Protein chains: 2
Amino acid sequence: MTSEQSKSDISRARILDAAAKMFRQKGYAATTLIEIARAAGMQAGSLYYHFGSKDELLEEVLDIGMRRVHEAVEESQERLPADSSHRDRIRAAVEAHLTTLLKHDDYTSANIRIFGQVPEEVQQHHIRQRDAYAELWRHIFTKAQKSGALSSDVNLGVVRMLLMGALNWSVEWYRPGRTSIQAIADHMCLMLFNGIGIEEPAQSRENETVT
Amino acid sequence: MTSEQSKSDISRARILDAAAKMFRQKGYAATTLIEIARAAGMQAGSLYYHFGSKDELLEEVLDIGMRRVHEAVEESQERLPADSSHRDRIRAAVEAHLTTLLKHDDYTSANIRIFGQVPEEVQQHHIRQRDAYAELWRHIFTKAQKSGALSSDVNLGVVRMLLMGALNWSVEWYRPGRTSIQAIADHMCLMLFNGIGIEEPAQSRENETVT
DNA sequence: ACATGTTTCGAACGTACATTAGATTTACGA
DNA sequence: TCGTAAATCTAATGTACGTTCGAAACATGT
């Protein structure tokens with residue numbers, strides 16, 4: 001164990017990378033240890049030197065994914081000037097979340113894509129972690145609303161879930177090269193803060209026929 | 001075959017219902033034919049009287065799910081008065097999509113949840129159908145933008161994907177009883193058209209007491 | 001060069017699953 | 001009541017997969 005990175009650490013990382021990538025692509029159940037091992041350059045049996053089971057490997061992938069996006073958003077807030085506006089804070093959080101999701105990070109996108117279909121027992125082990133991340137967002141939004149930057153009539157919980165959905169769903173359609181991540185974040189913030197509807201001054205009521 | 005519904009049809013429907021429900025819950029690969037059969041009140045082998053393979057069963061579930069939401073949104077548009085505003089048209093589409101997703105329909109939510117992790121060959125068979133649905137939305141949005149109801153500066157494609165994401169993600173968090181489907185649709189439309197940011201005319205900086 | 005610990009291999013095991021096919025039961029018209 | 005077709009059952013088959021374990025290969029300090 002001379003170098004900083006032992007051989008074991010390197011292999012472990014390769015296995016995790018491969019697992020995250022394939023879990024994201026095909027889901028957990030459909031991904032075989034044989035595939036993961038091949039992608040990591042070894043035999044299936046060798047995985048057990050590093051991980052106790054397929055489930056354990058899954059749990060580590062999920063954990064890393066959630067930790068990364070959590071840390072990214074947290075740091076985005078800490079990096080802001082202390083007197084930043086609430087809009088800027090939310091914008092920074094949106095950018096951090098989206099960038100983590102779409103830039104290299106198979107771990108976070110794997111977590112988002114497969115979590116709902118993972119064995120229930122595994123889900124239980126990660127609920128606390130997910131709640132903590134949700135709490136981070138709740139905090140940002142609540143502060144913004146209390147200070148008057150966000151409308152006080154809206155159900156912030158619903159807004160937050162809609163926002164997270166809009167962002168998370170990007171893993172299903174985003175492909176590098178077409179639209180930039182920044183452009184997506186900008187559109188999201190524009191919608192969130194201002195909407196994209198045009199007020200028609202002549203016909204100021206938009207509420208005939210409510211069905 | 002006396003009645004309108006032959007026994008075969010009834011069994012077939014029960015199998016499909018069970019399959020949609022479990023695919024939605026656990027994903028495709030993790031769902032076994034034994035479970036589906038049990039939920040449908042029969043033995044695994046009996047499924048093959050109705051379906052040629054597990055894949056074939058999957059494809060029918062996916063097809064039904066997409067067809068239902070497509071028809072729902074289409075009918076929502078046809079039901080509107082001919083002179084309806086573009087906002088009302090979009091609002092009706094949002095409500096139709098969301099209601100289909102969250103009200104009883106395991107087929108549509110199964111489609112949305114598992115499509116990205118289904119065997120690639122199966123995906124190919126449904127791309128056309130998905131494109132057709134996307135086209136329906138694109139049409140609604142394009143008309144609205146051209147007529148001036150939506151800002152002309154925005155990338156409508158991005159907005160549409162963000163919107164679909166916000167709606168689709170609701171299958172991951174919505175639980176009947178808490179927030180009504182209508183409330184979710186209302187919040188979505190509010191965000192889309194007006195946003196929830198507050199303009200602060202007097203004090204254009206909204207940055208006291210941060211942290 | 002040797003010895004010891006680390007990492008990977010390779011083959012084998014057990015199991016769970018999709019699928020098949022013949023036997024059995026059910027429904028129903030004659 | 002009987003006969004036939006529809007629908008389901010039951011048991012068997014093959015296979016793919018997660019997992020195990022002892023042997024082999026590799027690395028490293030002495």
Side-chain angles (χ1 to χ4, degrees), chain A residues 1-23 25-62 110 114 117-122 125, chain B residues 1-23 25-62 110 114 117-122 125:
Chain A
M1 43 172 156
T2 41
S3 64
E4 194 66 30
Q5 291 277 84
S6 73
K7 184 178 183 187
S8 177
D9 289 338
I10 295 172
S11 290
R12 217 183 132 80
R14 271 231 299 277
I15 294 168
L16 284 167
D17 283 351
K21 185 175 197 169
M22 315 220 58
F23 288 164
Q25 280 175 4
K26 319 182 31 175
Y28 176 61
T31 300
T32 86
L33 292 184
I34 296 174
E35 293 172 302
I36 295 175
R38 182 169 37 219
M42 51 174 64
Q43 300 290 328
S46 309
L47 299 179
Y48 285 83
Y49 178 77
H50 301 276
F51 299 93
S53 68
K54 192 186 177 190
D55 270 26
E56 201 174 290
L57 177 53
L58 167 66
E59 300 220 34
E60 184 138 354
V61 168
L62 292 177
I114 72 179
Q117 292 160 31
V118 136
E120 202 167 347
E121 177 214 353
V122 176
H125 291 176
Chain B
M1 46 170 158
T2 39
S3 63
E4 194 66 31
Q5 291 276 84
S6 73
K7 185 179 184 188
S8 176
D9 290 338
I10 294 172
S11 290
R12 215 182 134 80
R14 272 229 299 277
I15 294 168
L16 284 166
D17 283 351
K21 185 176 197 168
M22 315 220 59
F23 287 164
Q25 281 175 3
K26 319 183 26 174
Y28 176 61
T31 301
T32 85
L33 292 183
I34 295 174
E35 294 171 301
I36 295 175
R38 181 170 39 218
M42 52 174 65
Q43 299 292 326
S46 309
L47 299 178
Y48 285 84
Y49 179 77
H50 302 277
F51 298 93
S53 69
K54 192 186 176 190
D55 269 27
E56 202 174 288
L57 176 53
L58 167 66
E59 300 219 35
E60 185 138 354
V61 168
L62 292 177
I114 72 180
Q117 291 160 34
V118 135
E120 202 167 349
E121 177 214 353
V122 175
H125 291 176

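As the structure is a prediction and not an experimental result, all values here were calculated from the model. We name chains A, B, ... by the order of the sequence lines, and we start the count at 1 in each one.
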Practice task
Return no unless some side-chain N or O of B:Tyr49 is found under 4.0 Å from OP1 or OP2 of D:dT8.
Solution key: no

Problem - Criterion side-chain contact (heavy atoms from CB on, under 4.5 Å) on A:Phe23 and A:Leu62, from CA distance to verdict - result: CA-CA 10 Å; A:Phe23 288 164; A:Leu62 292 177; over 6 Å; no

Practice task
State whether A:His50 places a side-chain N or O below 4.0 Å from either non-bridging phosphate oxygen (OP1 or OP2) of C:dT8.
Solution key: yes

Handout entry: Within-4.5 Å side-chain heavy-atom neighbours: A:Leu33 and A:Tyr48
Key = yes

Problem - N/O donor-acceptor pair under 3.5 Å between B:Tyr28 side chain and B:Asp55 backbone - result: yes

Handout entry: side-chain contact (heavy atoms from CB on, under 4.5 Å) between B:Glu60 and B:Arg12, intermediate numbers included
Key = CA-CA 11 Å; B:Glu60 185 138 354; B:Arg12 215 182 134 80; 2.7 Å; yes

Fill in the blank from the handout: In terms of heavy-atom contacts, B:Ile114 and B:Gly27 come closest through CG2-CA, 3.9 Å

Fill in the blank from the handout: Rounded to whole Å, the CD1-C1' distance (B:Ile15 to D:dC9) equals 14 Å

Practice task
Specify the separation, in whole Å, of atom CG of A:Leu47 and atom P of D:dC17.
Solution key: 14 Å

Problem - B:Ile15 and B:Met42, any side-chain heavy atoms less than 4.5 Å apart - result: yes

Practice task
Rounded off to whole Å, could you give me the CZ-to-P distance for the A:Phe51 and C:dT8 pair?
Solution key: 11 Å

Fill in the blank from the handout: Reading nucleotides 9-22 of chain C from 5' to 3' and marking B where a protein heavy atom lies under 4.0 Å of the base, S where only the sugar-phosphate is that close, and - otherwise, the string is BB------SSBB--

